[in-house]
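A quick write-up on the structure given underneath.
On a predicted model such as this, the values are computed, not experimentally measured, just so you know.
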Amino acid sequence: MPNPTAAMLVIGDEILSGRTRDVNAHHLAGRLAGHGVDLREVRMIPDIAATITDAARDLAGAHDHLFTSGGIGPTHDDITADAIAAVFDAPIDVRDDARAVLAAHYASRGTEMNAARLRMARIPEGARLIDNPVSAAPGFSLRNIHVMAGVPQIFAAMLEALLPRIAGGAAQGTRTLVIDRGEGDIAAALREIAERFPDVSIGSYPGWSGSGYRVAVVIRGAEAEACDAAAEALREAFPEARE
């Protein structure tokens, strides 16, 4: 049976302007690969409600899971919760369970639970909260869309709380070998190995070592044995290949 598939929406003008570097997609990809969920697509979009809703509807319809990051804080431009609610025409308002989580958090710190902070308790009807052990304000899952914060530390913590609720498949095996040659020198051999091992994915990623070309060849597959066999074939073709 094939693994579940997933997509991600990275939401925020600050990402698209270059002011903030996204690291959440990289983190999500690694954690999903280990969980047996295949991340198939990542989109970066601005803080525009209609764009968020349209993209979420498209991706949630095409994949088993959609993960979002960004736009669930206390300020006026945090519009993700409303935009995701609109995907399913779900009512959204302050919910008692989310309010209680925030109230306890701020009371323990002697901080006022003001109207801005209360915005983070607005949760679509029918959604399930995602725990936030870092700053308390919860994310939520609405059907197959999982809405989380953009701050990397908080996103990572929310993801750890969420993953046990998601059924995964087979974790991918991965082997990476580095060859000090250009891609043109290894392309024919890679094609032949890829044809011999159709159950694995073989990607080549060129770079510059300072003294010459270098290619990292990444072998991925559901079966570790197949990855090992493909790696051995690569070593036979290029004995200098190293991990």
Does the Lys NZ or Arg CZ of R117 fall within the cation-pi geometry relative to Y106 - under 6.0 Å from the ring centre and within 45° of the axis?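 Cation-pi check for R117 and Y106: passes.
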Determine whether a donor-acceptor pair (N or O, by modelled atom type, separation under 3.5 Å) exists between the side chain of [X] and the backbone of [Y].
| X | Y | answer |
| --- | --- | --- |
| N24 | G150 | yes |
| T80 | G70 | yes |
| S108 | H105 | yes |
| D64 | T5 | yes |

Please check if the number of heavy atoms outside [X] that lie under 6.0 Å from its [atom1] is greater than 12.
| X | atom1 | value |
| --- | --- | --- |
| F88 | CZ | yes |
| Q153 | CD | no |
| R242 | CZ | yes |
| R21 | CZ | no |

Pairing of R235 and E243 as salt bridge, 4.0 angstrom limit: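 E243 and R235: salt-bridged.
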Verify the distance criterion only: is there a donor paired with an acceptor across the side chains of D78 and T75 at less than 3.5 Å?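 On atom types as modelled, these side chains qualify, holding a pair under 3.5 Å.
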Going by atom types alone, do T111 and R109 pair a side-chain donor with an acceptor below 3.5 Å?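 No pair is found: no donor N or O on one side chain lies under 3.5 Å from an acceptor on the other.
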Could you label the plane-to-plane angle of the H146 and F67 rings as parallel, tilted or perpendicular, counting under 30° as parallel and over 60° as perpendicular?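 Judged by the thresholds at 30° and 60°, the geometry between H146 and F67 is tilted.
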